[in-house]
Amino acid sequence: MEESRVLVVGGTGYMGRRIVRASLAEGHPTLVLIRPEVGLDIDKLQMLLSFKAQGARLVEASLDDHAGLVAAVAQADVVVSAMSGAHNRSHNIHLQHKLVEAIKEAGNVKRFIPSEFGVDPSRMRHALEPGRVTFDDKMEIRRAIEVANIPHTYVSANCFAAYFCPNLCQMRTLVPPKEKVQVYGDGNVKVIFVDEDDIATYTIKSIDDPRTLNKTMYIRPQENILTQNEVIAKWEKLSGKILEKVHVPADEFLASMEGTDLANQVGVTHYYHFFYEGCLTNFEIGDDGAEATLLYPKVQYTRMDDYMKMYL
């Protein structure tokens, strides 16, 4: 059986570059959308050329050129979108409406994976402002996909390791604290951390799998379901240094976003749901979902102990 042709949109982004590499590693004919304006960004251009050298095919199209986008989509069996949904970079989730329209018109795509990769937005209808915009936008794209009857898989990958683990879940830094660490509440809420390369691997594994068709695939590596206290303890064991713990009550944490920029406010509300409410682990996966590590047990996912060793 021939491997599905995969078109990656947003292939130079944080997750997109990993999805391109995973697709190539799995032997899929891999196409990467190249937008005309990328010629002004030397880093992105060189990354795209490196993909080409590895066997990917670059397909030029613009999200603002519907006919060109339809032509690009028509060359693929599977479309994976990795457009940024993070407010600390660029929030482009809504641009996927153009992609949905192109997929609908092309009529040949057998699987579309929209840009999600975080918490399941269908479980976040109660989310606090202003952070709920992330979940509302993703649900809007889901509705468009389903109204258009586009075969799909939604990927819920929980917390990206690089953003949440080595920094011991601290905001506004990506490196481990040296002296003291803020602990959210009692620090005993279970959270799920996933290596970004593993997310890409599981995503590509799912694209031809009937078990994930029109479902949400949750990535829940059992050994990476950890409390913040457990993450801190792992780092203290690795580094040999005990940190001062500063416990932050929920109301005080939410009050900390007052007067700050929008990106920080969004981050605070998301952290509240993760580390105080436990929204990543307070539900069971139902018949409308599947769990990646059970579907693909041969994938050797990265444990957070090993992930943090890079930061020593």
Side-chain angles (χ1 to χ4, degrees), residues 86-88 117-132 134-135 156-195 218-260 263-285 291 293 301-309 311-312:
H87 283 267
N88 62 338
F117 306 112
V119 61
D120 180 356
S122 72
R123 300 184 181 276
M124 300 304 294
R125 293 184 176 93
H126 66 290
L128 298 174
E129 296 284 5
R132 66 170 299 130
T134 303
F135 313 120
S156 176
N158 300 293
C159 290
F160 287 4
Y163 280 84
F164 288 91
C165 187
N167 59 359
L168 312 185
C169 314
Q170 306 301 283
M171 294 189 66
R172 293 186 176 273
T173 182
L174 296 174
V175 297
K178 292 181 171 58
E179 303 295 337
K180 62 177 65 176
V181 57
Q182 281 198 336
V183 179
Y184 306 118
D186 63 10
N188 288 324
V189 172
K190 290 286 187 180
V191 179
I192 306 171
F193 305 88
V194 189
D195 178 290
Y218 298 89
I219 306 178
R220 289 182 166 186
Q222 192 62 40
E223 292 189 40
N224 292 349
I225 303 176
L226 303 165
T227 66
Q228 187 188 9
N229 285 334
E230 288 171 331
V231 171
I232 294 169
K234 286 179 182 294
W235 176 250
E236 289 180 333
K237 182 177 180 180
L238 286 169
S239 66
K241 185 172 184 179
I242 302 300
L243 299 170
E244 177 188 348
K245 284 80 174 175
V246 180
H247 290 265
V248 183
D251 55 351
E252 182 180 324
F253 181 71
L254 287 174
S256 71
M257 68 178 172
E258 294 178 13
T260 63
N264 185 66
Q265 292 181 40
V266 169
V268 167
T269 56
H270 289 183
Y271 269 62
Y272 171 79
H273 292 300
F274 299 164
F275 294 102
Y276 290 93
E277 183 182 86
C279 70
L280 302 178
T281 56
N282 64 1
F283 64 91
E284 297 294 326
I285 298 172
E291 202 285 301
T293 66
Y301 66 80
T302 302
R303 276 66 173 171
M304 290 301 100
D305 309 66
D306 293 325
Y307 199 97
M308 288 193 283
K309 286 177 183 176
Y311 293 78
L312 288 172

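Because the structure is a prediction, the values reported are computed rather than measured. Hydrogens, waters and symmetry mates play no part in the numbers below; they use all other heavy atoms, side chains included.
At least one side-chain heavy atom of Leu254 sits less than 4.5 Å from a side-chain heavy atom of Leu128. Counting heavy atoms from C-beta outward, Lys241 and Glu179 have side chains that approach closer than 4.5 Å. For the pair Leu174/Pro166, no side-chain contact is recorded, criterion being any heavy-atom separation below 4.5 Å from C-beta on. Here the side chains of Val194 and Pro221 are in contact, with some heavy-atom distance below 4.5 Å. Looking at Phe253 and Phe275, their side chains never come closer than 4.5 Å, going by heavy atoms from C-beta outward.
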>> Thr269 vs Met257, test: side chain to side chain contact (heavy atoms under 4.5 Å, CB included). Steps then yes/no.
In response: CA-CA 9 Å; Thr269 56; Met257 68 178 172; 3.9 Å; yes
> What do the steps show when you test Ser122 against Asp120 for side-chain hydrogen bond (donor to acceptor under 3.5 Å, both in side chains), and what is the final call?
Replying inline: CA-CA 6 Å; Ser122 72; Asp120 180 356; 2.8 Å; yes
>> With side chain to side chain contact (heavy atoms under 4.5 Å, CB included) as the criterion, how do Glu244 and Val181 come out once you've worked through the C-alpha distance, each side chain's angles and the decisive distance to 0.1 Å?
In response: CA-CA 6 Å; Glu244 177 188 348; Val181 57; over 6 Å; no
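With Val183 as the partner, the side chain to side chain contact (heavy atoms under 4.5 Å, CB included) test is satisfied by one option alone out of Val246, Asn229, Val248, Thr227: Asn229.
Proximity of a side-chain donor or acceptor of Arg132 to a complementary backbone N or O of His126 within less than 3.5 Å is not detected. Remark: the backbone N or O of Lys234 is not paired with any side-chain donor or acceptor of Asp305 at under 3.5 angstrom. Checking side-chain atoms of Ser156 against main-chain N and O of Val119 turns up no donor-acceptor pair under 3.5 Å. No donor-acceptor pair under 3.5 Å is formed between the side chain of Arg125 and the backbone N or O of Arg123. No donor-acceptor distance shorter than 3.5 angstrom exists from the side chain of Tyr184 to the backbone of Gln228, with no hydrogens or angles considered.
Note: His273 and Phe135 have perpendicular aromatic rings, judged against thresholds of 30 and 60 degrees for the angle between ring planes. Ring-plane geometry between Tyr311 and Tyr307 is classed as parallel, the angle between the planes falling under 30 degrees on a 0 to 90 degree scale with a further cut at 60. By the 30° and 60° cut-offs, the orientation of the rings of Tyr272 relative to Tyr276 is parallel.
With sequence neighbours left out, Pro249 forms a side chain to side chain contact (heavy atoms under 4.5 Å, CB included) with Asp251, Glu252.
Among residue pairs with one or both ends in residues 166-178, those qualifying as salt bridge (Lys or Arg N to Asp or Glu O under 4.0 Å) are Arg172-Asp261; sequence neighbours excluded. Residues in residues 183-192 take part in these salt bridge (Lys or Arg N to Asp or Glu O under 4.0 Å) pairs, two or more places apart or across chains: Lys190-Glu230.
Of all non-hydrogen atoms in Met304 and Cys165, the two that sit nearest each other are SD-SG, 3.6 Å. Looking at every heavy atom in both residues, Trp235 comes nearest to Leu168 through CB-CD2, 3.6 Å. Contact between Glu236 and Leu243 at its shortest, heavy atoms only, is OE2-N, 2.9 Å. Here the closest non-hydrogen pair linking Asn158 and Ile192 is CB-O, 3.5 Å. The minimum heavy-atom distance between Cys159 and Leu280, with the atom names listed, is SG-CD1, 3.6 Å. Closest approach of Gln170 and Tyr271 over heavy atoms only: O-OH, 3.6 Å.
With rounding to the nearest 0.5 angstrom, the CE atom of Met171 is 12.5 Å from the OH atom of Tyr163. Rounding to the nearest 0.5 Å places CG of Asp195 at 10.5 Å from CD1 of Ile219. The OG atom of Ser256 lies 9.5 Å from the CD atom of Gln265; values are rounded to the nearest 0.5 Å. Atom CG of Asn264 is separated from atom CD of Glu258 by 12.0 Å, given to the nearest 0.5 angstrom.
Within a 6.0 Å sphere centred on CD of Glu129, heavy atoms belonging to other residues, nucleotides or ligands number more than 12. Atom NZ of Lys245 is surrounded by more than 12 heavy atoms from other residues, nucleotides or ligands within 6.0 Å.
Salt-bridge check for Arg220 with Glu291: failed, with every basic side-chain N at 4.0 Å or more from each acidic carboxylate O.
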